[in-house]
Amino acid sequence: MKLFYPLPIRDIRRETADAVSLAFDVPEALREEFRFTQGQYLTFRHEVDGEELRRCYSICAGVDDGELRIAVKAVAGGRFSTFANAALSVGDVLHVFPPLGDFHTELDPAASRRYVAFAGGSGVTPILSLVKTTLAREPTSSFSIFYGNRDSRSIIFMEELAALKDRFLDRLAVTHILSEDVQEIDLFNGQLDREKCNEIVSAIPRLDDVHAFFICGPALMMDAAEAALVDAGVGKDRILIERFSSDGPSASVDPVAPPSAARRAVAEDALARVSAVIDGRRIEFGFGPADASVLEAGHAAGAPLPFACKGGVCGACRARVLEGEAEMKVNYALEEDEVAAGHILTCQAVPRSETLVVSFDE
Ligand SMILES: Cc1cc2nc3c(=O)[nH]c(=O)nc-3n(C[C@H](O)[C@H](O)[C@H](O)COP(=O)(O)OP(=O)(O)OC[C@H]3O[C@@H](n4cnc5c(N)ncnc54)[C@H](O)[C@@H]3O)c2cc1C
Ligand code: FES
C-alpha cells in the first residue's frame, strides 16, 4: 500500500515575495514510487500549530529535469502555505504521498502538435512541468502560454520561463497578462476575465489544429477561459482543467437557496440518486454509468462539493452516509473508527444502493 514517505528538503528557492519552490531528496529506494508524469501533484501531511494538515502541490519540474520540485504560493490566512513560505529550511522533512493526477495528455515524440495553456498565479506550476516535458519529449511540438498576474513582481518562474523562451525560440510563446502594470499592447493589460479570454481565443490561429488546451488558476479565470474556448467551438475533450480549490466551478448552486430547494435533474440512465447535504442545503444529482465517484457526479451536476487530492489521500472530500450504501475504491485518509461511523471519501466512493444520502456537514 502506498504511504506518506518522509522526504528531506534539498533546496528552497524564493520565486517571488510570496512564493517559494521546494526540491526534495528522493532516496534511490523510492525513485520508482516518486516517478511522475508532467502536470501531476504531491500530497503533503504536516503538523502546523498542533493541527495535522494535508495539502496538494503541483510538481513544477519536467520529467527529465532530474528533480522533484513543487511551488507554494502563500494565500492570505492560509495555514500551510504561509508556514511553507516562512518557516521551512533545507534539511526539514515533510511527509509526502507519491504523485497523483491526470492533468496531461499522452506525448508522442513523432508528433508535431500545438498546445495552449491559460495560467493564473500559482496555476502556472503544473503548466511549467507540462511545457518543459512536452518541448523536450516532442521535439517539433509548440506551446503557447497566456499567464495572468497582478504585476511583473508577482510572476512566479518569470526567469525560468524567459530562459525557456530563449532556448525554444520558435516553439514556446509566453504572453503575460498583467492587471496592474501597463504594457504596450492593450490585449496584454487587464485580467483573464471572460472578455479578455474571448479576445485571446479569437486571436489564436487555427483553433481546430490545437491538440490540447490546459487551464489552471483561480476559479473565475478557469471558468472564463473554458467558456471562451467552448463558445469558439473547442470540444471539452480538448480542454484539461486543474482545480486547486473547491471554490468552483462558479456555475454552482444558488447560494441563497433554502434547504432542500437546490435540485438537479437526475438523468434517466442514472444508476443511483444521490442527495448531498452541504452547509445545511440538500443537493440532488444522479450517479451515471460514466461517473467514477460520488464527488465527480456531484461536480458534473454543478454541486460545490469540497475536494483537494481526488486520490483518497487528503480527506477534504469526507462525508457521512446518512442513508444507503457506498463503497470506496481506496482510503488513505480515514481511520477505521471513522469508516465504522459511516464516513466515506466521496472522491473514492461509488453508490451501492439506488438511493444514497451523504452529509458533508458532520
Ligand atoms: C491538485 C492541487 C494542486 C495544487 N497545486 C498547488 C500549487 O502548485 N501551488 C500552490 O500554491 N497551491 C496549490 N494548490 C493549493 C494548495 O493545496 C492549498 O489549498 C493552498 O496552498 C492553501 O492551503 P493553506 O493551508 O495555506 O490554506 P487554508 O488554511 O486551507 O485556507 C485558508 C484560506 O485560504 C483560502 N484558500 C485556500 N486555497 C486557496 C487558493 N488556492 N487560492 C486562494 N485562496 C485559497 C481558503 O478558502 C481559506 O479562506 C493545489 C491544490 C490542489 C487540489
Ligand atoms: S479529495 Fe482528497 S481524499 Fe478525496
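Both counts, for ligands and for their atoms, begin at 1 and track the order of listing. Everything quoted here is computed from the prediction, not taken from an experiment.
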Decide whether [X] and [Y] meet the rule of one side-chain donor and one side-chain acceptor closer than 3.5 Å.
X      : Y      : result
Glu138 : Tyr115 : yes
Asp18  : Thr16  : yes
Thr125 : Ser58  : no
Asn85  : Thr82  : no
Arg114 : Ser142 : no

* **Steps toward side-chain contact (heavy atoms from CB on, under 4.5 Å) verdict (Ile283, Val277)** => CA-CA 6 Å; Ile283 303 168; Val277 179; over 6 Å; no
Distance filter under 4.0 Å to [X] heavy atoms, resulting ligand 1 atoms:
X      : result
Val72  : 11 (O)
Ala308 : 53 (C)
Ser122 : 9 (N), 10 (C), 11 (O)
Thr125 : 8 (O)

* Would Phe157 and Glu15 count as a side-chain contact (heavy atoms from CB on, under 4.5 Å) if you check the C-alpha gap in whole Å, the side-chain angles of each, and the deciding distance to 0.1 Å? -> CA-CA 6 Å; Phe157 304 129; Glu15 302 289 349; 3.7 Å; yes
* Asked: So, the side chain of Lys196 versus the backbone of Leu187: is there a donor-acceptor pair under 3.5 Å, distance only?
  -> yes
Ring centres under 6.0 Å, that's the criterion: do [X] and [Y] meet it?
X      : Y      : answer
Phe188 : Phe146 : no
Phe118 : Phe213 : no
His104 : Phe214 : no

* **Distance under 6.0 Å and angle within 45° of ring axis: Arg55 vs Phe44** => no
* **Nearest option to atom 7 (C) of ligand 1, as decided by whichever heavy atom of Phe103, Phe244, Phe307, Tyr41 sits closest** => Phe244
* Structure fact -> Filtering Ala19, Ala84, Ser58 for the heavy atom nearest atom 5 (N) of ligand 1 leaves Ser58
Please confirm whether [X] comes within less than 3.5 Å of ligand 1 when only nitrogen or oxygen atoms on both sides are compared.
X      : result
Arg55  : yes
Glu242 : no
Ala71  : yes
Arg243 : no
Phe80  : yes

* **Any Val75 heavy atom less than 4.0 Å from ligand 1** =>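 Contact present.
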* Protein N, O or S within less than 2.8 Å of atom 4 (Fe) of ligand 2, waters excluded -> Cys317 SG, Cys347 SG
* Can you tell which part of Pro218 has a heavy atom less than 4.0 Å from ligand 1: side chain, backbone, both or neither? -> neither
